[in-house]
Number of protein chains: 2
Amino acid sequence: MTARPDSPSSAPPLTERQEARRRRILDATVELARRGGFGAVQMREVADSADVALGTLYRYFPSKIHLLVAVLRDRLEGLRETLHERPPGGREPGARVVEALTRAFRALREEPRLTEAMVRAFTFADRSAGAEVEAVSRLTTAIVLDAVGRQGPPPPELLSVVRVVEHTWHSALIGWLSGRCSGEQVYGDIKTVCELIPAETPGGAHR
Amino acid sequence: MTARPDSPSSAPPLTERQEARRRRILDATVELARRGGFGAVQMREVADSADVALGTLYRYFPSKIHLLVAVLRDRLEGLRETLHERPPGGREPGARVVEALTRAFRALREEPRLTEAMVRAFTFADRSAGAEVEAVSRLTTAIVLDAVGRQGPPPPELLSVVRVVEHTWHSALIGWLSGRCSGEQVYGDIKTVCELIPAETPGGAHR
DNA sequence: GCCGTCCTTGAAACTTGTTCCAGATTAACG
DNA sequence: CGTTAATCTGGAACAAGTTTCAAGGACGGC
């Protein structure tokens with residue numbers, strides 16, 4: 001459906017120039033979003049900045065929402081790599097997740113407008129952006145599960161806990177963006193929700 | 001504490017005809033949203049259905065977002081009254097909250113398109129709709145605290161837990177609307193997060 | 001009842017996301 | 001190369017949220 005850079009499945013490969021175009025579009029989007037948030041990401045502007053025609057922009061990303069969710073995905077992939085390089089060092093799974101999310105939030109706070117643009121797009125997305133949203137969702141889950149550090153396939157209760165952590169994460173961000181929650185409350189809520197994460201089982205297989 | 005439907009504070013009182021107009025607008029909005037969700041709530045349509053001029057609609061509700069959040073607020077007030085009449089009957093605070101939210105979700109499932117319209121508006125709202133969003137937020141908190149059944153002013157840890165419950169509630173709804181979570185998962189996540197709610201303290205003041 | 005003020009109306013204009021199209025460019029293949 | 005299909009471009013056109021404005025109506029104070 002949409003062209004993807006890294007998913008070799010289900011998409012015709014892009015030529016080098018196409019890859020470059022795609023990258024220019026994403027970069028232009030980030031730049032505009034950084035400056036003025038969701039509202040400043042105007043499709044004509046993006047197209048101009050990226051030196052592509054409007055129609056081309058829409059061929060690559062079928063809507064503003066798709067575009068911004070793709071940026072979010074990009075960023076999350078970066079975050080995941082960072083966390084891989086310097087993994088959180090807590091002793092308990094809950095503490096590691098707190099650290100991972102806290103670090104993520106610290107990074108997001110540095111660029112509040114970009115964050116606003118990505119998060120608003122993500123939460124506003126409807127089913128038409130299902131694939132992209134799904135990808136972001138899976139990535140977030142993967143990041144949290146990485147921090148939990150469990151080896152085998154997670155049992156359903158753990159998955160529900162992880163979903164609740166993610167819910168809190170997303171919604172706390174929204175609350176923070178709309179001025180309803182302070183940054184301190186976000187940190188606190190992350191800590192609170194992570195108490196749901198069960199401690200490492202001493203008998204079971206662990207790191 | 002919470003502003004009543006027609007908050008007597010900080011707003012000039014409306015004449016009877018103005019009150020009627022406001023009500024017509026809200027009713028027309030609900031009707032359109034019920035039929036076609038967020039997208040079907042078009043400002044010109046709303047104005048036509050409610051028999052007011054477009055400019056008047058915008059005087060009452062400065063944006064589509066404000067309008068739909070006001071509808072949400074209206075509904076939440078109704079929900080709160082319902083819960084007052086037939087309060088959840090669980091023995092523990094957590095169980096009561098689960099029941100309250102479960103009943104709410106059951107009601108929302110009956111009118112998915114209306115739900116979609118309200119929730120998307122709420123999560124998309126930015127600071128310009130701060131007041132309305134704040135009202136909805138306070139109402140939600142009040143509903144959860146009602147179910148918790150605590151008497152005095154809640155301590156900060158409890159408030160953080162309640163916020164996490166609300167985060168989960170909102171974000172699970174979004175996930176459900178965007179097809180990412182099943183209804184069963186929503187129920188499960190509500191139950192999971194409510195485990196954070198501390199049990200009734202036998203020594204303290206209780207019902 | 002009269003007057004000044006605020007409210008409502010109808011309609012046009014403006015903004016920005018999205019779609020469409022005809023012609024130019026590029027890539028793939030023989 | 002030459003051909004053919006796909007892609008890209010510039011630009012117009014459309015859709016829906018929002019703004020603006022002049023003229024008529026409602027309301028409260030006198």
Side-chain angles (χ1 to χ4, degrees), chain A residues 1-4 11-25 28-29 32-33 35-71 117-118 120-122 124-129 132, chain B residues 11-25 28-29 32-33 35-71 116-117 120-122 124-129 132:
Chain A
M1 193 163 300
T2 316
R4 303 244 187 89
L14 300 183
T15 72
E16 199 161 323
R17 304 187 47 178
Q18 288 175 322
E19 200 57 69
R21 261 187 215 109
R22 198 188 130 91
R23 182 71 7 229
R24 281 207 309 278
I25 292 174
T29 305
L32 288 170
R35 270 208 279 274
F38 187 88
V41 178
Q42 302 192 355
M43 299 303 267
R44 288 175 242 263
E45 286 270 320
V46 173
D48 277 2
S49 291
D51 267 307
V52 296
L54 193 54
T56 307
L57 171 53
Y58 273 93
R59 169 179 287 272
Y60 280 72
F61 302 95
S63 78
K64 177 169 170 174
I65 296 296
H66 285 76
L67 173 57
L68 281 167
V69 174
V71 169
M118 298 186 300
R120 293 226 355 243
F122 178 75
F124 192 66
D126 64 353
R127 290 186 146 82
S128 82
E132 290 289 332
Chain B
L14 300 183
T15 73
E16 200 162 318
R17 304 187 50 180
Q18 287 175 323
E19 200 57 70
R21 261 188 216 109
R22 194 185 133 90
R23 180 72 7 230
R24 283 206 309 279
I25 292 175
T29 305
L32 289 170
R35 272 209 278 275
F38 187 88
V41 177
Q42 302 192 353
M43 298 305 266
R44 291 169 174 87
E45 287 270 319
V46 173
D48 277 2
S49 292
D51 266 310
V52 296
L54 194 55
T56 307
L57 171 54
Y58 273 95
R59 169 177 289 271
Y60 280 74
F61 301 96
S63 80
K64 177 170 171 173
I65 297 296
H66 285 76
L67 173 57
L68 282 167
V69 174
V71 169
E116 183 241 19
R120 297 237 334 257
F122 179 76
F124 191 65
D126 62 354
R127 291 186 144 82
S128 83
E132 290 289 332

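Here the structure is a predicted model, which is why all the values come from computation and not from measurement. So you know, we letter chains A, B, ... as the sequences are listed, proteins then strands, and number each from 1.
Here the side chain of Ala53(A) is nearest to one of dT8(C), dT9(D), dT18(C), namely dT9(D). Comparing dT19(C), dT18(D), dA28(C) against the side chain of Thr15(A) picks out dA28(C) as the nearest. Nearest to the side chain of Val52(B), among dT9(C), dC8(D), dA12(C), sits dT9(C).
Distance, Leu57(A) CG to dG11(D) C1': 15 Å, rounded to whole Å. As rounded to whole Å, 10 Å separates atom P of dG17(D) from atom CG of Leu68(B). Distance Leu54(B) CG to dC14(C) C1': 13 Å, rounded to the nearest Å. If you take OH of Tyr58(B) and P of dT18(D), they are 4 Å apart, rounded to a whole angstrom. One atom, CG of Asp51(A), and another, P of dT9(D), lie 8 Å apart when rounded to the nearest Å. Spacing between atom CE of Met43(B) and atom P of dT20(D) amounts to 15 Å, rounded to whole angstrom units. dT15(C) atom P lies 13 Å from atom CD of Glu45(A), rounded to whole Å.
The base of dT18(D) is paired with the side chain of Arg44(B) by a donor and an acceptor separated by under 3.5 Å.
Residue contacts for Val41(B): at a heavy-atom cut-off of 4.0 Å it reaches the sugar-phosphate backbone alone, with no base atom in range. Within 4.0 Å of Arg17(B), counting heavy atoms only, lie sugar-phosphate atoms of the nucleic acid but no base atom. Using a 4.0 Å heavy-atom criterion, one finds that Phe61(B) contacts no nucleic acid atom at all.
Contact annotation: the side chain of Arg22(B) approaches that of Phe61(B) to within less than 4.5 Å [non-hydrogen atoms, C-beta and beyond]. In this structure, Lys64(B) and Val46(B) have side chains that are not in contact, with every pair of non-hydrogen atoms separated by 4.5 Å or more.
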